Amino acid sequence: MKLLRVGPVGQERPAVMDAGGSLYDIGEPEIDGAFLASGGVARVRAALERGDLPVIDAEGLRVGPPIARPGKIVCIGLNYSDHAAETGATPPAEPVVFMKAPNTVVGPDDGILVPRRSVKTDWEVELAVVIGRTCRYLESREDALAAIAGYAISNDVSEREFQLERGGQWDKGKSCETFNPLGPWLVTADEVADPQDLGMRLWVNGELRQNGNSKNMIFDVAEIVRYLSAFMVLEPGDVINTGTPAGVALGLPGQPYLRAGDVVELEIDGLGRQRQTVGQA
């Protein structure tokens with residue numbers, strides 16, 4: 001099942017998409033942590049199967065992020081062997097964890113803004129994990145996978161000078177406005193047979209830059225969720241960005257970083273597609 005939110009910024013309506021691509025109003029106030037924690041996915045599935053949901057005319061509707069303001073965004077750095085190699089980094093012995101401000105989240109086709117005084121704004125196609133239940137000290141991989149509500153595409157936009165050359169932690173190169181396009185859908189976990197076998201691609205101005213697969217994660221989805229639960233409480237609606245494959249500007253000598261007017265497109269198998277036009281803050 002594919003859950004999404006449609007409409008103008010700040011006025012999105014929660015919806016569900018059926019197998020034929022039709023949209024239905026789900027009759028819930030929001031798709032957020034409270035929705036996931038209270039069995040919202042099961043309610044919507046049952047209502048859709050009964051034919052109880054009104055159709056939404058999708059023509060011309062903007063698609064917003066599928067989760068309304070996550071409580072937190074937890075990111076895993078250097079989590080693909082090919083990405084670590086291209087940046088000259090030693091593969092980590094444990095997951096590299098950093099945080100991204102929740103207000104970076106925008107819709108999948110909303111614009112990306114290059115920050116003022118930025119010279120190294122970069123792209124990163126990532127598999128996003130959305131948590132569906134409270135997680136503390138998970139004991140097993142099975143428990144970790146059972147806690148996942150679903151998956152989405154994330155563009156973990158990054159300003160490399162801010163991140164790597166200005167001192168301090170990575171967060172300030174990751175938390176600029178518009179730096180986390182998310183969606184178009186929250187695809188429920190039951191529809192993703194194997195999160196470790198998903199093709200991931202990203203284009204800049206029509207040129208393929210990233211062409212990877214989630215099988216190349218150093219730490220897989222189950223281990224990431226289990227590991228994080230030992231250091232923080234994960235709550236329904238939290239988002240985990242699980243890392244990016246090779247092909248970012250940072251790892252491509254001579255490759256220009258993003259500038260106003262560029263177009264970024266990205267997709268992950270079964271999770272849809274995004275398209276952003278780059279602007280200037």
Side-chain angles (χ1 to χ4, degrees), residues 73-100 104 108 112 114 118-129 151-166 169-176 179-182 192 194-205 207-228 239-258 262 264-271 273-274 276 278:
I73 302 172
V74 188
C75 301
I76 307 299
L78 300 173
N79 195 35
Y80 281 70
S81 54
D82 53 357
H83 175 56
E86 75 173 346
T87 60
T90 300
E94 295 190 35
V96 175
V97 180
F98 61 95
M99 310 294 283
K100 190 161 192 164
T104 58
I112 294 169
V114 173
S118 165
V119 294
K120 294 183 179 180
T121 296
D122 206 347
W123 56 83
E124 293 191 4
V125 58
E126 303 205 8
L127 174 64
V129 172
Y151 301 90
I153 304 172
S154 178
N155 188 355
D156 179 21
V157 185
S158 308
E159 211 300 340
R160 302 302 189 186
E161 183 190 24
F162 298 176
Q163 176 189 358
L164 302 172
E165 302 173 31
R166 298 285 297 274
Q169 299 182 341
W170 286 8
D171 301 38
K172 68 186 182 187
K174 297 282 189 171
S175 291
C176 303
F179 265 28
N180 204 134
L182 188 67
V192 180
D194 184 0
Q196 304 310 144
D197 189 21
L198 300 175
M200 310 166 66
R201 293 162 291 276
L202 182 144
W203 296 259
V204 178
N205 299 327
E207 296 189 23
L208 184 64
R209 296 301 184 196
Q210 292 185 274
N211 186 13
N213 192 290
S214 59
K215 66 184 179 184
N216 293 321
M217 287 185 187
I218 297 170
F219 305 100
D220 67 13
V221 166
E223 175 58 15
I224 289 168
V225 175
R226 188 206 65 79
Y227 179 89
L228 290 175
V239 173
I240 304 170
N241 288 342
T242 57
T244 197
V248 298
L250 176 66
L252 299 172
Q255 170 62 43
Y257 287 89
L258 293 175
D262 288 344
V264 181
E265 299 169 277
L266 50 157
E267 66 182 17
I268 296 179
D269 293 347
L271 302 185
R273 190 176 177 94
Q274 299 184 357
Q276 297 111 32
V278 179

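Because the structure is predicted, anything quoted here is derived from the model rather than measured.
Here the shortest heavy-atom pairing between I76 and V97 reads CD1-CG2, 4.1 Å. The minimum heavy-atom distance linking I218 with L78 is given by the pair CD1-O, 3.4 Å. Taking every heavy atom of both residues into account, G199 and N213 meet most closely at N-ND2, 3.7 Å. Scanning all heavy atoms of the two residues, the minimum distance from D262 to Y257 falls at OD2-O, 4.0 Å. Considering all non-hydrogen atoms of both residues, A128 and V239 come closest at CB-CG1, 4.1 Å. Across all their heavy atoms, W123 and G247 have their closest contact at NE1-O, 3.1 Å.
Residues K100 and S175 are in side-chain contact: their nearest non-hydrogen atoms beyond the backbone lie under 4.5 Å apart. Counting heavy atoms from C-beta on, the side chains of F162 and K120 never come closer than 4.5 Å. Within the 4.5 Å cutoff, the side chain of N180 has heavy atoms near those of the S154 side chain. The shortest side-chain heavy-atom distance between I224 and V129 does not fall under the 4.5 Å cut-off. Looking at heavy atoms from C-beta onward, V125 lies out of side-chain contact with R201 at the 4.5 angstrom threshold. Side-chain contact between M217 and Y80 is present, with heavy atoms from C-beta onward closer than 4.5 Å. You'll find the side chain of P92 reaches within 4.5 Å of the side chain of F219, heavy atoms only. Y151 is listed as a side-chain neighbour of V221, based on a closest heavy-atom distance under 4.5 Å.
Between the K174 side chain and the F98 main chain, no donor and acceptor come within less than 3.5 Å of each other. Looking at E265, its side chain never comes within 3.5 Å of a backbone N or O of Q276 through a donor-acceptor pair. Judged by distance alone, the side chain of D269 and the main-chain N or O of L198 form no donor-acceptor pair under 3.5 Å. Checking side-chain atoms of S214 against main-chain N and O of P195 turns up a donor-acceptor pair under 3.5 Å.
Counting non-hydrogen atoms of other residues, nucleotides and ligands closer than 6.0 Å to CD of Q169 gives a total of 12 or fewer.
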Stepwise side-chain contact (heavy atoms from CB on, under 4.5 Å) test for E161 and R166:
CA-CA 6 Å; E161 183 190 24; R166 298 285 297 274; 4.2 Å; yes
Give the intermediate values and the outcome of salt bridge (charged side-chain N to carboxylate O under 4.0 Å, His left out) for residues K215 and D220.
CA-CA 8 Å; K215 66 184 179 184; D220 67 13; over 6 Å; no
Passes side-chain contact (heavy atoms from CB on, under 4.5 Å), V96 versus N79? Steps please.
CA-CA 8 Å; V96 175; N79 195 35; over 6 Å; no
side-chain contact (heavy atoms from CB on, under 4.5 Å) evaluation trace for L202 with T244:
CA-CA 10 Å; L202 182 144; T244 197; over 6 Å; no
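Taking CG of L271 as the start and CD1 of I153 as the end, the distance is 5.5 Å to the nearest 0.5 Å. Here the NE2 atom belonging to H83 is positioned 8.0 Å from the CD atom belonging to Q210, to the nearest 0.5 angstrom. Atom CG of N205 sits about 8.5 Å away from atom CG of L258, to the nearest 0.5 Å. Note that CG of D171 and CD of Q163 are 9.5 Å apart. Values are rounded to the nearest 0.5 Å. The distance from the SG atom of C176 to the CD1 atom of I112 is 12.0 Å, given to the nearest 0.5 Å. In this structure, T104 OG1 and D156 CG are separated by 8.5 Å, a value rounded to the nearest 0.5 Å.
A search for side-chain hydrogen bond (donor to acceptor under 3.5 Å, both in side chains) contacts involving Q196 returns nothing, not counting sequence neighbours. Partners of A246 under the side chain to side chain contact (heavy atoms under 4.5 Å, CB included) rule, at least two apart in sequence or in another chain, are D82, E86.
Using modelled atom types and a 3.5 Å distance limit, the side chains of Q274 and N155 yield no donor-acceptor pair. There is a side-chain donor-acceptor pair under 3.5 Å between E159 and S118.
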